[in-house]
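The block underneath contains the structure these notes are about, expressed in structure tokens.
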Amino acid sequence: QVQLVESGGGLVQAGGSLRLSCAASGGTFSRYATGWFRQAPGKEREFVAAINRSGGSTYYADSVKGRFTISRDNAKNTVYLQMNSLKPEDTAVYYCAADVVYSVSSRLRDYDYWGQGTQVTVSS
């Protein structure tokens, strides 16, 4: 069973950048596709980005395409989310998730393991 711990969240002005990290332990990280999701107050958790086991395939929500980049370093058991040109509507708790079955998925139900989340706040 894999454990996931997110870090890198914080407060940033609109137009700024943040890089989130998700460190995995307790399993063979390269066996898992991983994804980032976010949940704003009063809203459902939504898909942000996903990456396959090798890092060779990625998938993004339309709302972040061209601004966010997901990547992974299997040697460090870590997945990253580089967020540029941040907007106030990007404010949310960001969650990392791992999926043992699917290659790249945007569906919450496909993910087996979840981190506790890290808060990202973008001020206008």
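Fair warning: this is a prediction, and the values are worked out from it, not measured in the lab. In what follows, residues are counted from 1 in the order of the sequence shown.
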Worksheet entry | CA sep, side-chain torsions, deciding dist, call: Q3, Q1, side chain to side chain contact (heavy atoms under 4.5 Å, CB included) | CA-CA 7 Å; Q3 292 81 45; Q1 184 171 350; 4.1 Å; yes
Practice prompt. Go through V48 and L81 one step at a time and tell me if the side chain to side chain contact (heavy atoms under 4.5 Å, CB included) criterion holds.
Written response: CA-CA 9 Å; V48 175; L81 185 68; 4.1 Å; yes
Discussion item. Using side chain to side chain contact (heavy atoms under 4.5 Å, CB included), reason through F47 and R38 one step at a time and then give a plain yes or no.
Written reply: CA-CA 7 Å; F47 170 74; R38 66 187 182 187; over 6 Å; no
Practice prompt. Any chance you could lay out the side chain to side chain contact (heavy atoms under 4.5 Å, CB included) test for R31 and D99, step after step, and finish with the verdict?
Written response: CA-CA 9 Å; R31 293 181 55 203; D99 169 13; over 6 Å; no
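Nearest heavy-atom pair across Y59 and V104 is CB-CG1, 3.4 Å. The two residues Y111 and S105 come nearest to each other via the heavy atoms OH-O, 2.5 Å. Nearest heavy atom pair, residue E6 against residue W36, reads CG-CZ3, 3.8 Å. Nearest heavy-atom pair, C96 versus V79, reported as atom, atom and distance to 0.1 Å: SG-CG1, 3.7 Å. Smallest separation of non-hydrogen atoms from T78 and S21: CG2-CB, 4.2 Å. Residues V2 and A24 share a closest heavy-atom pair of CG2-CB, 3.8 Å.
Taking CZ of R72 as the start and CD1 of I51 as the end, the distance is 6.0 Å to the nearest 0.5 Å. Note that the OH atom of Y94 and the CZ atom of F68 stand 4.0 Å from one another [nearest 0.5 Å]. From S123, atom OG reaches atom CD of Q13 across 5.0 Å, with rounding to the nearest 0.5 Å. With rounding to the nearest 0.5 Å, the separation of OG1 in T34 from CG in N77 is 11.0 Å.
Within the 4.5 Å cutoff, side-chain heavy atoms of K87 are placed close to those of R67. Between T91 and V120 the shortest side-chain heavy-atom distance does not fall below 4.5 Å.
Both L20 and Y60 belong to a single network of hydrophobic side chains, linked directly or stepwise wherever heavy atoms of I, L, V, M, F, W or Y lie under 4.5 Å apart. When hydrophobic clusters are built by joining Ile, Leu, Val, Met, Phe, Trp and Tyr residues whose side-chain heavy atoms come closer than 4.5 Å, directly or via intermediates, M83 is grouped together with V12. Transitive grouping of hydrophobic side chains (ILVMFWY, heavy atoms separated by less than 4.5 Å) brings L18 and V122 into a common cluster.
In terms of modelled atom types and a separation under 3.5 Å, the side chain of R53 and the main chain of V100 share a donor-acceptor contact. Side-chain atoms of R19 do not come within 3.5 Å of backbone N or O of Q82 as any donor-acceptor pair. Between the side chain of N52 and the backbone N or O of A33, no donor-acceptor pair lies under 3.5 Å.
Using a 3.5 Å distance cut-off with no hydrogens or angles, the side chains of N84 and S17 do pair a donor with an acceptor. Using a 3.5 Å distance cut-off with no hydrogens or angles, the side chains of S30 and N74 do not pair a donor with an acceptor.
Taking a cutoff of 4.0 Å between a charged side-chain nitrogen and a carboxylate oxygen, K65 and D62 qualify as a salt bridge.
Taking the six-membered ring for Trp, Y95 and F37 have ring centres at least 6.0 Å apart.
Atom CD of Q119 sits in a crowded spot, with more than 12 heavy atoms from other residues, nucleotides or ligands closer than 6.0 Å.
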